[in-house]
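First up is the structure itself, then whatever we jot down about it.
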Amino acid sequence: DKTKETDTEKTAKVETKESKESKAEESAPKKSEKQVFGIGQDVTVGKVVYRVDGKEVADTVGNEYVNSTAKGKFLVLNVTVTNNGDKAITVTDDFFKLYKGKTEFKADTTATMYANQAANGDSAAFFLQELNPESTLSGKVIFDVSEDTINDPSTQLQVQTGIWGTQTEKINLN
């Protein structure tokens, strides 16, 4: 009888240990899965905080003097960038890439410059602006893409630290 009890106890201990391990695996976040962000949420990448404030679709951007017309449609993203670092950064369109699944789209630099120009023609460009520590800058990032890409549920904006993009996060747009 003592042998049977010991076998039963051993089986119970093994089952308990296995269930604890599987529960620990379920509760621990997997390193390969990143947090999912959406429009209106602050996304910290290194010492820079990004937020997509909104999106719209347009055929043309700019003003009456300088404008650009899309080959497909312009996806216009209203973005805010905050520098929480200890050195100034230069905001460029290289900080932003659009992904539909594994397909990568680059920002339309010309359309982005035109979209960020003030109505009076002054160049209040969002890009190539120095952003000092403890400062925030808002502007538009423009992608010339198809309506299918704009409406695809897998379409995400990737934001990164600096031009080399050593740290990245993605923001769902749909």
Side-chain angles (χ1 to χ4, degrees), residues 29-58 60-63 65-145 149-150 152-174:
K30 293 181 181 173
K31 289 179 183 174
S32 62
E33 287 183 30
K34 287 188 171 190
Q35 184 177 346
V36 178
F37 297 97
I39 293 174
Q41 289 184 298
D42 286 349
V43 180
T44 302
V45 184
K47 294 182 178 178
V48 181
V49 178
Y50 295 92
R51 186 179 62 242
V52 176
D53 297 311
K55 72 172 189 172
E56 50 194 279
V57 179
T60 62
V61 293
N63 58 38
Y65 305 109
V66 289
N67 55 59
S68 185
T69 302
K71 294 173 189 75
K73 292 276 184 191
F74 283 134
L75 173 59
V76 181
L77 300 175
N78 298 305
V79 178
T80 300
V81 180
T82 303
N83 181 0
N84 288 333
D86 52 9
K87 292 183 178 155
I89 60 172
T90 302
V91 179
T92 75
D93 57 357
D94 290 332
F95 286 21
F96 304 91
K97 290 183 179 135
L98 194 67
Y99 281 91
K100 180 175 82 172
K102 293 185 184 227
T103 305
E104 177 185 297
F105 302 89
K106 292 189 178 209
D108 184 320
T109 304
T110 303
T112 297
M113 285 185 349
Y114 291 162
N116 285 296
Q117 263 187 337
N120 62 7
D122 283 351
S123 179
F126 176 56
F127 288 113
L128 300 177
Q129 290 292 313
E130 287 289 318
L131 184 59
N132 278 317
E134 303 172 8
S135 298
T136 298
L137 182 65
S138 293
K140 298 176 186 309
V141 183
I142 314 295
F143 294 91
D144 190 346
V145 294
T149 296
I150 292 169
D152 192 297
S154 72
T155 299
Q156 297 178 311
L157 177 69
Q158 178 179 285
V159 292
Q160 66 186 40
T161 57
I163 294 170
W164 308 115
T166 54
Q167 293 174 292
T168 64
E169 289 290 349
K170 289 188 177 174
I171 301 168
N172 287 338
L173 298 177
N174 292 314

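- When all heavy atoms of P133 and A88 are compared, the closest pair comes out as CD-N, 3.8 Å.
- Side-chain N or O atoms of D144 include one that pairs as donor or acceptor with a backbone N or O of G72 at under 3.5 Å.
- D152 meets the salt bridge (charged side-chain N to carboxylate O under 4.0 Å, His left out) test with no other residue; sequence neighbours excluded.
- When all heavy atoms are compared, the tightest approach of Y50 to Q160 is OH-O, 2.5 Å.
- Between V52 and F37 the shortest side-chain heavy-atom distance does not fall below 4.5 Å.
- One side chain, S138 or T80, offers a donor N or O that lies under 3.5 Å from an acceptor on the other.
- In this structure, the side chain of T161 engages the main chain of Q167 through a donor-acceptor pair within 3.5 Å.
- The distance from atom OG1 of T109 to atom CG of D94, rounded to the nearest 0.5 Å, is 7.5 Å.
- Side-chain contact between Y114 and I142 is absent, with no heavy atoms from C-beta onward closer than 4.5 Å.
- T155 is listed as a side-chain neighbour of L98, based on a closest heavy-atom distance under 4.5 Å.
- Here Q41 contributes atom CD and E169 contributes atom CD; the two are 11.0 Å apart, rounded to the nearest 0.5 Å.
- Checked against R51 for a side chain to side chain donor-acceptor pair (under 3.5 Å), the options T82, D42, T136 give a single hit: D42.
- Rounding to the nearest 0.5 angstrom, the gap separating the CZ atom in F143 from the CG atom in D93 is 8.0 Å.
- Applying the 6.0 Å contact sphere to NZ of K47 captures no more than 12 heavy atoms from other residues, nucleotides or ligands.
- A heavy-atom distance below 4.5 Å is not found between the side chains of V91 and L128.
- In this structure, the separation between CG on N132 and NZ on K87 is 13.0 Å, given to the nearest 0.5 Å.
- Closest heavy-atom contact between V81 and L131: O-CD2, 3.6 Å.
- Contact check for E56 versus V61: no side-chain heavy atoms found under the 4.5 Å cut-off.
- A distance of 4.5 Å separates CD1 in I89 from CG in N83, rounded to the nearest 0.5 Å.
- Rounded to the nearest 0.5 angstrom, K55 NZ and I171 CD1 are separated by 12.5 Å.
- Using a 4.5 Å heavy-atom threshold, the side chains of L173 and L75 count as touching.
- In this structure, F96 and V159 have side chains that are in contact, with non-hydrogen atoms separated by less than 4.5 Å.
- Smallest separation of non-hydrogen atoms from A70 and A58: CB-O, 4.5 Å.
- By the neighbour-count criterion of 12 heavy atoms within 6.0 Å, atom CD of E134 is sparsely surrounded, having that number or fewer from other residues, nucleotides or ligands.
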